[in-house]
Amino acid sequence: VGQLKLEDGPGFPESELLPAIVKSSDDAIVGATISGRITTWNPAAENIYGYSAAEIIGQPLTILCPDELASEIEETLAKIGRGERVVHRETMRRRKDGTTFAVSVTASPIHDGDGGLIGVSAISRDITEQQARAAAELGRRADELERANQSVESFTYSIAHDLRAPLRALGGYSSALMEDCADDLGEAGRGYVGRILAASQKMSELVDGLLVLSRVAQAGMHPEWVDLGAEVARIAAGLQRGEPERRVHFAVERPVRARADRALIRTVLENLLENAWKFTSGQEDALIEFGTVPAGEAGVCCYLRDDGIGFEPAYAGKLFQPFQQLHPASDFPGTGIGLASVKQIVERHRGRAWAEGAADEGATFFFTLDAEEIA
Amino acid sequence: MTTRSILLVEDNPDDEMLTLRALKKNNILNAITVAHDGAEALELVFANASGGGPLPGLILLDLKLPKVDGLEVLRRLRADERTRIVPVVVLTGSKLEEDILAGYRGGANAYVRKPVNFAEFAEAVKTLGLFWLILNEPVPEFTPQPD
């Protein structure tokens with residue numbers, strides 16, 4: 001055993017130093033046999049777990065953890081047996097009084113002088129406070145983010161709202177010029193006014209689109225069980241009534257039950273169906289399908305497929321951005337706000353929305369919804 | 001038929017001018033008075049009411065107004081026996097549910113959101129004028145009895 005030389009002290013034997021460190025540690029330091037019988041127990045362990053050394057020595061390590069986690073101790077011992085360590089594993093432990101608490105555990109093999117495995121040392125730190133602090137911090141950040149989002153949304157709303165009056169004036173006076181002073185303007189002048197009118201028309205659409213998006217973002221959520229299939233069938237019937245001459249076959253899976261805000265999810269389905277309806281308008285006989293695909297845990301994954309003009313797969317991500325239109329507005333009118341609201345609403349339901357397709361080979365829009373209770 | 005006058009309560013000079021123009025363009029030639037804030041609107045209406053003069057056949061009321069806001073104007077009109085039955089159409093920029101609800105609760109006869117697009121705006125003004133001044137049967141002329 002070596003002797004540690006300290007500059008400002010007389011130095012003392014390592015054999016005394018190590019027990020002193022163990023004794024004064026704030027972390028529970030526990031020694032055990034390779035089969036898991038407790039052999040050493042420091043004062044911090046006594047504090048943290050509530051057992052005295054006399055009570056606990058000779059007991060199995062499993063006494064220190066909730067029954068359902070007993071296998072974790074076996075697993076750790078097996079690892080130690082293979083000469084491996086467990087480092088900073090966050091788990092639960094149980095006190096003498098039966099209460100549980102969060103710990104971070106590091107377990108290492110103890111070898112004798114010849115390198116033979118003679119036991120295990122486990123250092124555990126009570127991280128209850130640390131976790132509570134982290135959770136509080138996370139909650140605080142989530143609140144902050146929520147507030148920031150809210151203020152962005154209300155800012156968007158008020159900007160868009162305040163733009164409406166001057167925009168109406170712009171369009172209004174341009175129309176007045178065109179109607180009342182057409183002769184004085186001359187041909188070039190009338191052309192310019194026409195362009196002002198078209199631009200203010202375009203801007204009106206953008207402003208109204210922004211208002212729609214910000215309303216979707218701020219609308220109250222009242223989740224309930226909704227049969228999406230029934231909603232799709234209802235919307236499809238409406239589309240067909242609007243253009244009875246079109247031949248479109250709808251294949252709709254029913255029921256498709258999901259928890260969602262009825263008004264908002266209707267907006268999603270309306271937008272998707274109107275899109276499908278619009279982009280199959282060139283088809284003699286169009287097919288629009290609504291159904292589900294197997295989803296992961298506790299959720300539903302729906303799709304709406306059409307056999308219309310499709311899109312270049314490279315632009316799949318752009319589809320959901322506001323005011324992005326992949327097809328010329330002259331061919332397919334719209335403001336490019338529909339899919340952006342779809343994404344916004346699905347994400348508010350903690351789901352995901354994406355699209356798959358190819359040019360001239362139709363498009364499929366997927367979205368997932370939580371089947372669990374949502375806030 | 002007596003020609004009923006219109007009271008337009010509007011603080012935005014552009015919306016005022018465009019509304020007047022849209023009415024004229026659609027041959028709605030009723031007399032139009034403009035009040036530029038809520039206080040002026042109330043003065044005009046109640047001065048006429050007290051003096052036994054004719055009440056407007058239709059009030060087009062913006063909600064966001066200087067001095068006295070639109071909802072307060074509406075409340076006072078509805079609180080007074082003489083003006084309780086004058087048709088009031090809220091014509092405003094807001095499409096917020098709470099504003100719409102407040103308008104109806106306050107006793108508005110209709111709530112119309114000013115379209116941002118001018119052509120639609122002109123159409124809305126025309127429809128309103130035709131409905132309230134021509135199609136709709138007016139409130140019969142009568143002299144309210146004091147309580």
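Since we're looking at a predicted model, the values are computed, not measured. Numbered from 1 within each chain, the chains take letters A, B, ... in sequence-line order.
In this structure B:A108 satisfies the side chain to side chain contact (heavy atoms under 4.5 Å, CB included) test together with B:L74, B:V90, sequence neighbours excluded. Every residue two or more places apart in sequence or in another chain was checked for a salt bridge (charged side-chain N to carboxylate O under 4.0 Å, His left out) with B:R105, and none qualifies. Take B:R78 and apply the side-chain hydrogen bond (donor to acceptor under 3.5 Å, both in side chains) test, not counting sequence neighbours, and it matches B:N109.
Between chain B and the options A:G172, A:G171, A:A169, heavy-atom pairs under 4.5 Å are most frequent for A:G172.
The number of heavy atoms from other shown groups lying within 6.0 Å of CE (A:M178) is above 12. Atom CZ of A:F155 has 12 or fewer neighbouring heavy atoms from other residues, nucleotides or ligands inside a 6.0 Å radius.
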Polar pairs (donor with acceptor) under 3.5 Å from chain B to chain A:
from: B:D14; atom 1: OD1; to: A:Y173; atom 2: OH; distance (Å): 2.8
from: B:D15; atom 1: OD1; to: A:R168; atom 2: NE; distance (Å): 3.1
from: B:D15; atom 1: OD1; to: A:R168; atom 2: NH2; distance (Å): 3.4
from: B:D15; atom 1: OD2; to: A:R168; atom 2: NH2; distance (Å): 2.8
from: B:R21; atom 1: NE; to: A:D180; atom 2: OD2; distance (Å): 3.3
from: B:R21; atom 1: NH2; to: A:E179; atom 2: OE1; distance (Å): 2.9
from: B:R21; atom 1: NH2; to: A:D180; atom 2: OD1; distance (Å): 3.0
from: B:R21; atom 1: NH2; to: A:D180; atom 2: OD2; distance (Å): 3.4
from: B:K25; atom 1: NZ; to: A:D180; atom 2: OD1; distance (Å): 3.1
from: B:G93; atom 1: O; to: A:H161; atom 2: NE2; distance (Å): 3.3
from: B:G93; atom 1: O; to: A:R164; atom 2: NH1; distance (Å): 3.3
from: B:K114; atom 1: O; to: A:R164; atom 2: NH1; distance (Å): 3.1
from: B:K114; atom 1: O; to: A:R164; atom 2: NH2; distance (Å): 2.9
from: B:P115; atom 1: O; to: A:R168; atom 2: NH1; distance (Å): 3.2
from: B:N117; atom 1: ND2; to: A:Q201; atom 2: OE1; distance (Å): 2.4

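Looking at A:L197, there are no atoms closer than 4.5 Å to chain B (heavy atoms on both sides), in backbone or side chain.
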